[in-house]
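Worksheet: one structure, shown below.
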Amino acid sequence: MANFAKPDVPRFSVDVYQNEYLPEGGREVNAIVTVTATGGGTIGRGPGAAAAGRRPSAAVAVMVDCSGSMDYPPTKMRHARDATAAAVDTLRDGTRFAVIGGTHVTTEVYPGGGRLAVAGPAAREEAKRALRRLSAGGGTAIGTWLRLADRLLASADVTLRHGVLLTDGRNEHESPDDLRAALDACAGRFTCDARGVGTDWEVKEVTAIASALLGTADIVADPAGLAADFTRMMETAMGKEVADVALRVWTPVGTAIRFVKQVAPAVEDLTGRRTEAGPRAGDYPTGSWGDESRDYHLCVEVPPAGLGREMLAARVSLVVPGPDGTAQNLGAQGLVRAVWTDDMTASTAISPQVAHYTGQAELAQAIKQGLDLRKVGDFDGATAKLGRAVQLASASGNADTAKLLAKVVDVVDAATGTVRLKTRVAEADEMTLETRSTKTVRVKK
């Protein structure tokens with residue numbers, strides 16, 4: 001384990017958990033890499049907190065769905081206004097911010113003129129007055145909201161850029177290709193949390209936004225819960241200290257990376273997001289960090305070697321963009337090893353951490369497949385997949401997911417995965433399970 005620290009930012013550390021022993025001819029090496037940031041976040045985070053010179057500068061864009069469906073019921077728009085006001089109240093003094101109203105077009109609700117406001121008592125009150133004028137009407141074209149947020153956030157010379165997006169409906173006024181192009185254009189430029197309110201939105205759209213922009217996705221089935229959710233989201237955003245952290249993985253000649261996945265606090269496959277970083281090294285984006293810990297599953301294919309041989313299979317480090325655009329190494333580093341042995345007990349043992357997170361990834365996949373099969377009427381297939389999900393959730397101690405599954409299936413025997421599909425399932429319960437299916441529990445070390 002190695003770590004890095006400088007004043008007023010977190011200290012990063014890297015720990016590697018694996019069984020390094022392979023049988024003769026063995027080629028696959030698996031490791032769980034735990035990255036932890038500690039020691040930041042010691043300065044006050046609320047209004048009035050001193051930010052200059054001690055906290056990273058930040059810009060935030062809040063995108064509020066103002067399409068016609070936000071008027072059904074009429075209280076939905078009121079709750080959205082209240083939630084946005086709560087988010088504005090949570091901003092640190094000095095944070096640049098804007099509020100965007102989204103329909104099939106976009107409106108700069110506050111401050112307007114292609115500018116960002118600077119959070120302080122007067123700006124907060126002005127923003128809340130502007131929010132009172134928000135009304136519902138029109139369609140939904142989320143890609144245009146994101147592109148405007150990107151332009152506004154890019155105008156600020158700040159360290160951290162973050163978006164919050166709220167929608168209650170499907171993205172019906174632009175093509176899926178338009179939304180994908182917008183996400184591709186915004187990826188790496190700002191992070192974004194996405195929320196679906198009510199039950200008329202598309203889970204795959206909202207989760208795709210959060211995934212592409214390295215944020216979180218969730219459902220707020222009851223609009224009355226929006227203000228509390230927005231407050232928590234903004235408190236988390238204000239706690240971020242370091243932006244654009246990448247996991248850099250170096251491998252020796254003859255070695256290939258099969259995959260790199262974040263596995264806690266949620267499953268996110270980063271394999272396809274690799275950018276080359278010099279000879280035999282690649283960077284995998286992880287977004288912004290505050291005081292927190294995340295786990296990553298690294299799978300490496302190594303060339304076969306004789307008994308008694310050992311090699312460095314991979315070296316994992318952390319980098320951020322430096323002032324001149326080149327990567328700055330944060331100093332934290334972990335090593336993944338491979339050792340060939342004829343000891344069957346050693347070579348067949350599975351690392352508890354690897355086993356746990358392999359199960360958590362399978363759990364997320366089983367839920368997704370089960371719900372998809374249920375939607376198309378393949379009830380036998382859905383029962384099998386969701387039964388497997390119940391079994392995995394029970395075995396891993398993922399109590400939250402187990403509770404969500406119990407709203408979709410009747411559990412006969414959790415240990416064997418014996419379940420029956422419920423005849424009637426509330427739409428909010430099914431959407432909540434789908435949206436939160438990738439959330440994992442940490443392995444008990």
[X]-[Y] side chain donor-acceptor pair, cut-off 3.5 Å:
{"X": "Asn171", "Y": "Thr140", "value": "no"}
{"X": "Thr216", "Y": "Asp193", "value": "yes"}
{"X": "Asp178", "Y": "Ser175", "value": "yes"}
{"X": "Ser396", "Y": "Gln360", "value": "yes"}

Taking [Y]'s backbone N and O only, do any of them form a donor-acceptor pair with [X]'s side chain (distance below 3.5 Å, no angle check)?
{"X": "Tyr357", "Y": "Val443", "value": "yes"}
{"X": "Thr286", "Y": "Val245", "value": "yes"}
{"X": "Glu174", "Y": "Gly143", "value": "yes"}
{"X": "Ser394", "Y": "Val390", "value": "no"}

Under the salt bridge (charged side-chain N to carboxylate O under 4.0 Å, His left out) test, which residues partner [X], sequence neighbours left out?
{"X": "Arg388", "answer": "Glu362"}
{"X": "Asp372", "answer": "Lys204, Lys368"}
{"X": "Arg273", "answer": "Glu268"}
{"X": "Arg232", "answer": "Asp229"}

Salt bridge flag under 4.0 Å for residues [X] and [Y]:
{"X": "Arg161", "Y": "Asp244", "result": "no"}
{"X": "Arg436", "Y": "Asp218", "result": "yes"}
{"X": "Lys261", "Y": "Asp269", "result": "no"}

To the nearest 0.5 Å, tell me how far Thr34 OG1 sits from Gln353 CD.
7.5 Å
Looking at residues at least two apart in the chain, or sitting in another chain, which of them share a side-chain hydrogen bond (donor to acceptor under 3.5 Å, both in side chains) with Asp71?
none
Test Asp295 against every option in Asp15, Val35, Val263, Thr440 by the side-chain contact (heavy atoms from CB on, under 4.5 Å) rule and name the one that passes.
Val263
Can you list every pair that meets side-chain hydrogen bond (donor to acceptor under 3.5 Å, both in side chains) and has a residue in residues 74-84, with sequence neighbours left out?
Lys76-Asp168
For residues 97-112, the side-chain hydrogen bond (donor to acceptor under 3.5 Å, both in side chains) pairs (sequence neighbours left out) are Tyr110-Glu126
Report the residues that fulfil side chain to side chain contact (heavy atoms under 4.5 Å, CB included) with Asn30, sequence neighbours left out, ordered by chain and then residue number.
Glu28, Phe259, His297, Cys299, Val354
Tell me, do Leu183 and Ile209 make a side-chain contact under 4.5 Å, heavy atoms counted?
yes
Could you pull out all donor-acceptor pairs under 3.5 Å where a side-chain atom in residues 149-158 meets a protein atom, sequence neighbours excluded?
residue	atom	partner	partner atom	Å
Asp150	OD1	Arg189	NE	2.8
Asp150	OD1	Arg189	NH2	3.4
Asp150	OD2	Arg189	NE	2.9
Ser155	OG	Leu152	O	2.5

For residues 401-409, please give each side-chain donor-acceptor pair under 3.5 Å, one per line with the distance, not counting sequence neighbours.
residue	atom	partner	partner atom	Å
Thr401	OG1	Asn398	OD1	3.1
Thr401	OG1	Asn398	ND2	3.4

Taking everything shown except Arg420 itself, do over 12 heavy atoms lie less than 6.0 Å from its CZ?
no
Qualifying ring pair (Phe, Tyr, Trp, His ring centres under 6.0 Å) pairs with a residue from residues 136-184, counting only residues at least two apart or across chains
none
Please table the atom pairs, donor to acceptor, closer than 3.5 Å between any side-chain atom in residues 424-431 and protein atoms at least two apart or in another chain.
residue	atom	partner	partner atom	Å
Glu430	OE1	Arg374	NH1	3.0

